[in-house]
Every structure is written in structure tokens, then in C-alpha cells.
Chemist: 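Quick one: the structure is below, and I'll ask about it shortly.
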Amino acid sequence: MTPRSTGRARFLVAPAAIVLAAGLFGLASPGFLSLDNGLSMAGQIWILALLAVGQMFAIAARGFDISVGAVAALSGTLGAMAANAVGLPGLLVAVPVGLACGTVNGWLIGRARFQPIVATLGTLLAVKGLALLVSDDGQVVPLEEAARAAGLSFDAVAGLPPLGWAALAAVGLAHVVLRHMLVGRRILMLGSNPEAVALVGAVPWRIEMSAYQLCGAFAGLAGALMTARAGAGLPTEGAGMELQSIAAAVIGGTMLAGGRANVWAVLAGATFVQVVLTGLNLSGVSPFIAQIAVGAVIIASGLMDAGLRSFLTRLSRLSPPKGTFR
Amino acid sequence: MRTKRLPDTPGLPGRRGLPRLARPPAVALVCLGLFLLCCAFVPRFASFGNIENVLRVASILCVVACGQAVVILLGGIEFSFGASAALASVVTVTALPALGPVGGLAAGGASVIAIGAVNGFLVGRLALPPVIVTLGTLMMASGAAAWLVGGLPIDAPPSAAFSWPARGRVLGVPVPILAALLACAALHLMLAHGRIGRLWYHVGANPVAARLAGLDVTRITTLGYAVAGAFCAVGAIILTSRVASGQPALAPNLPFETIAACAIGGLPLSGGRGRVSQVVFGVLTVAMLNNAVVLINLPVAWQLVLLGLAVLAAVGLQKDWAALARLARRRGR
């Protein structure tokens, strides 16, 4: 086992990367380090942050969820329909929808022993198709109370828009779940040693399922936020979000081999991705180049994980793990 | 760990009495059943024109799925095919004025192979998870494709050589179908009779054991992903020729459809097992499903839903069969 002090180093990568990137972009474009830009970014990061925190649960349990983008799109669209039927609180329907998708993923992976990539690929396709079907082949579903939703998601109260505060609260809740509640501890335990979970009398597949349920619920929440910000349910949105969420979670120190995660570091990872996107945008770089940069960030996050892993294990004088893992 | 049955392994104890003729994969039955169902219930399915159309679509998918199969044999997964095909089409059309149709198509194909080799190097040398690597290169390739043409598709000047890969015929057989047959034959030769195929099976079944046995896992993996890229390059050339333009959003579902075809064909995504015939029947199943959805006049989104459900069902059934086989063996003992 790595000692506690070296084990924590992985969670400091994301904050360090933010400082570095912000400094570089500050040099490139003077407007970047202004308070206005900071506040605007603080309002923007939450969709990605919620997806990344959900993804963190899946990765901590040694898995992946590549369906989060599609789940966010479906739940956001259904949330918009519900909001039009019963008023703005109906948007929260997105959460149970996401939870349901997460439950399907979790059951397939935990109980039926599908590989995470296969199960979530299957649900990705099915959910993407469903989102198109419920919305009449990809028509956006405009919110009737779009003005109120925009007020909630853009007008800052004490620095953050109200929905930003709500998302921050959800992230805090995730922290409590991961650090202080049994299910969170068990998810980490499952990630670092699946046999141990069975030995202490817990049911491994239930734990694994709850990781994907958390992931799905957070994706649903992100879908609701997406709908509120856009003023409409966007059934075709969300492609590429799964990549960004994986990148943010991994830069945030979540170990790809499972078992180590920190919610605040993941939040920092999401912030880093947003810093890169906004910074490139302000520097006048084409959005297509920004897309290339995000791709590079994803691969870099994988390299960082592999590098940290071998560095930290060498530090604690264990032979580096051999072979590949999935 | 189950013992992996390697093809072309004569002299294994206890297997000597088995006939050498390959047994058709289980998916062949599913495929045949679906074909009969479609013939019986889908209007206009069983016409010569439609069957040729299905085969034409299936042939592109089949070429690319052969590449996906190599990656899956290696225990990996390849998401960047769609984006690299789009990049290939854009590169082709951009290079067309300078290099001519043949040179342009070759440049496009080379870019796909290069992306595959990079993927293979990152996966094989640095032991990164294939999902992360190929999703990352997906992002980069599609960003690069959009950047090259400013996000909008550009048309290619029509020429006979340029449209030959999609519309030409050799002895009456459409070129795409011929390409699919050649791709399957090439993959079969590599997997069943070639040294490199044997090495891929070894690495896919157990990379640690392969390394301990002294194999150069990095080189084998890189070569595997590059060969996969070459298959995808052939598919990309046919696609580019068919749309006759550089499309930055060409074939976004290509990786999903090829993975689905391999999964439906019965290739375990853990790697180390699989035959060409499985890929072929998987591809035919996917192509028929897509075609039937269009002919029944369902919304096209059903293609995605059915594809997803088919993947889950196929993998689930495989698992059950494996469990049943284990149970039967235990009974027999």
C-alpha cells in the first residue's frame, strides 16, 4: 500500500494544472484573469462537474460509464416535458430518469457481469435512440418558463447563480456519500479489493450497482441543468460529454484501477477542462482546435494516471504492476 | 480461467478426433432467422435490388469491422474509426487538387493508418486503457477534420477514378462487396494461418503471459492497431468515394456499429478469441436490422435502440451459453 502522504499527491495534480493553465492563458489573453471571466466560468462548470462526479463513482468501482452524455440528454429532454406539464419543479424528473438508466447499467454490470464498456455502450445506443424517439426525431423541447429557468441559471446570487449553488450542494452531497457513508466507503473498497467486500459481508454486486446508480442520478441532474441553461430540452446534446467527464474525473486523481477518489479533486479536474476550453476561446483559437486540445487532455489524463501509478509505487518500493488492465 | 481454444491447433490432446471442418458460429443461426423473418414480414425486403443494397452497406461495415475485430482480439476497443474516416475523407478532398484522385485517396487512407498506429503505441507501450486512448484520438481526429475544412463539408470534383471504389464493378460484382470479400480473406489468412494472427491471439488472451514468454507486446499491439487502421482506411476510401465530398461528420456511428457487429458475432470483448465468420454474420445481422427499420417505416432512431438492445442481448446470451456449458461439464464429471 502506498503511504498516505504519497497517496494524496494524485489529488493535487488538478489544482496545480489549473494554476499552470490559468497562468499561461492569462499571459496569452489579458482578459482571462479578470474577475468577470472567473465568475462566468464559475457558472459554467457545473454540467461537466456533475457528470464528472458521477463518472468518478463508476471509475472508483473499477468501471466506466460511457453512456452519461446520452443519459443526460434523455433525462434533460424528459425533464423539459415534465416541466412544461407541471411547472418548473418538474425538471427534477430528470433525476429519477437518470437513476433508472444507472440502475440498468448497474444491474447489467454488477449482477449480470457484463463488462462495463459493453453494458454502457449498449445503453448509450439505446438511450440515444430513445431520446430521439420521445422528441419526435431530435426536435428540441422548449421550456415554457424559459425566462425563469434562465434567471435561475444565469443571474448570480452571491457569486454563483442559484442553480450553481444547487449543483455545488449536490457535489458536497457526493463528498458526504463517498467519505462518510457506508455505500461510498464500500464503493472505494470494491475498487481497491473486491474480495474484501465479500469478506466483510457486503454484497459486491449491490455495491457495484449503487456506484452506477449514483453515476446515473448525477447524469440526470446534469441533464436538468443542461435543460435549464439552454431553456430547452436538447435530445441530441451530450455527445462528447462522456469523454470530458472521464477526463475530468481522471485528472481529478480518480485512479483508473479503482479504489481511490476525491470529490473536490474531481471538481478541480472539471474546472481544469473548463479553463482550457474558455482560455482557448478567449485566445481566439478555433473551436475545432479546442476540440483537438480536449482530446489531448483526455490522453494526457491517462498518461498522468499511468505515470503517477508507476511513480508512486516505485516510491513505496513495490514492483510496478505488469500487464494492461481495462 | 477458461482454456482458450486456438484455431489451427492440431495435436491438442483430446481434440484429435474432432473434424477439421469449421463449425458455423452460433450467430449464423440468428442471422438466418432474422433473414427469414425479414423475408416473411418486411415489405420489399426480398427483392434483388434491396438485397444488393443491404450487401453494399454491409460491405463497408464489414471491412471496418474486420479492423475492429483485430483490436477486440487484442483485448482492446476502438472508438476512433468514425472520426478517422471523417478525417480521411477531408484529407482526401483537400489533397485532391495536388495529388489527383488516387494520391488523394491514398493520403486519406494513410492518415487513418497513422491514427491506428498511434493508438496502438499508446495502448501497447504505455499500457493506457484503450477506451481512453481511442476516445481521445476520436476527439482529436474529428477536431482536426472540422478544422481542415472550417466545419463545412466540401465537394470533390467528380472523376471516374474517384468514384470507382464506391460505384465501380469488377466482372459485375460491385467493388465494395469485392473489397469486403478480400478484407475477410486477408483477415482469415492472418488469423488462422499467419504468424501475426497467432501472436494477436496470445497477447489478447493474456498480455502478461505473452510478455513473460518473450513476445514484444508493444510491437504486436501497435501493429495490430495499425492493421485495424488499414482495414478502416479501405472502408474510409469507399465511404469518401460514395459521398464524393469531404465530410467532417462522416459516419459518426461507425465505431458503434462495428463494435456491435463484433459483439453480436460472439467475439468476447475481453479478447483472445474470435473468427472471421463470426464478424461476417455479425455485420450481416446489423445491416439487416438497419435495413428492416427503414423498410418498415419506423423512425431511424429505432436503429440505435435496436442496435443497443442487440448488443446487450448478444453478450447476455453468450454469457448464458458459457454458464450452461460449464454446468454441463460439471454434470458430466
Chemist: Could you tell me which portion of B:L298 (side chain, backbone, both or neither) has an atom closer than 4.5 angstrom to a non-hydrogen atom of chain A?
Modeler: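 For B:L298, neither part sits under 4.5 Å from chain A.
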
Chemist: Using heavy-atom distances under 4.5 Å, tell me whether B:A263 contacts chain A through its side chain, its backbone, both, or neither.
Modeler: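 No part of B:A263 comes within 4.5 Å of chain A.
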
Chemist: Only pairs of heavy atoms separated by less than 4.5 Å count here; which of B:G308, B:A141, B:A209, B:A210 has the most with chain A?
Modeler: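 Winner by heavy-atom pair count: B:G308.
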
Chemist: Where is the tightest heavy-atom contact between B:I77 and B:Y225, given as atom of each residue plus distance?
Modeler: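 So the two residues come closest at N-OH, 4.1 Å.
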
Chemist: Does any backbone or side-chain atom of B:I259 lie under 4.5 Å from a heavy atom of chain A? Answer side chain, backbone, both or neither.
Modeler: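 The side chain, not the backbone.
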
Chemist: Taking A:A290, A:A112, A:A306, A:A296 one by one, which has the highest count of heavy-atom pairs under 4.5 Å against chain B?
Modeler: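 So the answer, after comparing A:A290, A:A112, A:A306, A:A296, is A:A296.
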
Chemist: Could you report the tightest heavy-atom contact between A:L48 and A:S245, atom names first, then the distance?
Modeler: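 Result for this residue pair: CD1-N, 3.8 Å.
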
Chemist: Is it the side chain or the backbone of A:L133 that comes within 4.5 Å of chain B heavy atoms, both, or neither?
Modeler: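 For A:L133, the contact with chain B is made by backbone and side chain together.
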
Chemist: Does the side chain of A:M241 come within less than 4.5 Å of A:I47's, by heavy atoms?
Modeler: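 Yes, at least one pair of side-chain atoms sits under 4.5 Å.
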
Chemist: Donor-acceptor check, side chain of B:T258 to backbone of B:P255, threshold 3.5 angstrom: yes or no?
Modeler: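 Yes, B:T258 side chain to B:P255 backbone: donor-acceptor pair under 3.5 Å.
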
Chemist: List the atom of A:E208, the atom of A:R113, and the distance in Å for their closest heavy-atom pair.
Modeler: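 For A:E208 versus A:R113, the nearest heavy atoms are OE1-NH1, 3.3 Å.
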
Chemist: Between A:I246, A:D136, A:I289, A:T123, who has the most heavy-atom pairs with chain B when the cutoff is under 4.5 Å?
Modeler: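 Of the options given, most contacts go to A:I289.
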
Chemist: At a 4.5 Å cut-off on heavy atoms, which part of A:L303 comes close to chain B: side chain, backbone, both, or neither?
Modeler: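 The answer is both parts of A:L303.
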
Chemist: Write down the atom of B:F81, the atom of B:Q68, and the distance for their closest heavy-atom approach.
Modeler: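 Where B:F81 meets B:Q68 most closely, the heavy atoms are CE1-N, 3.6 Å.
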
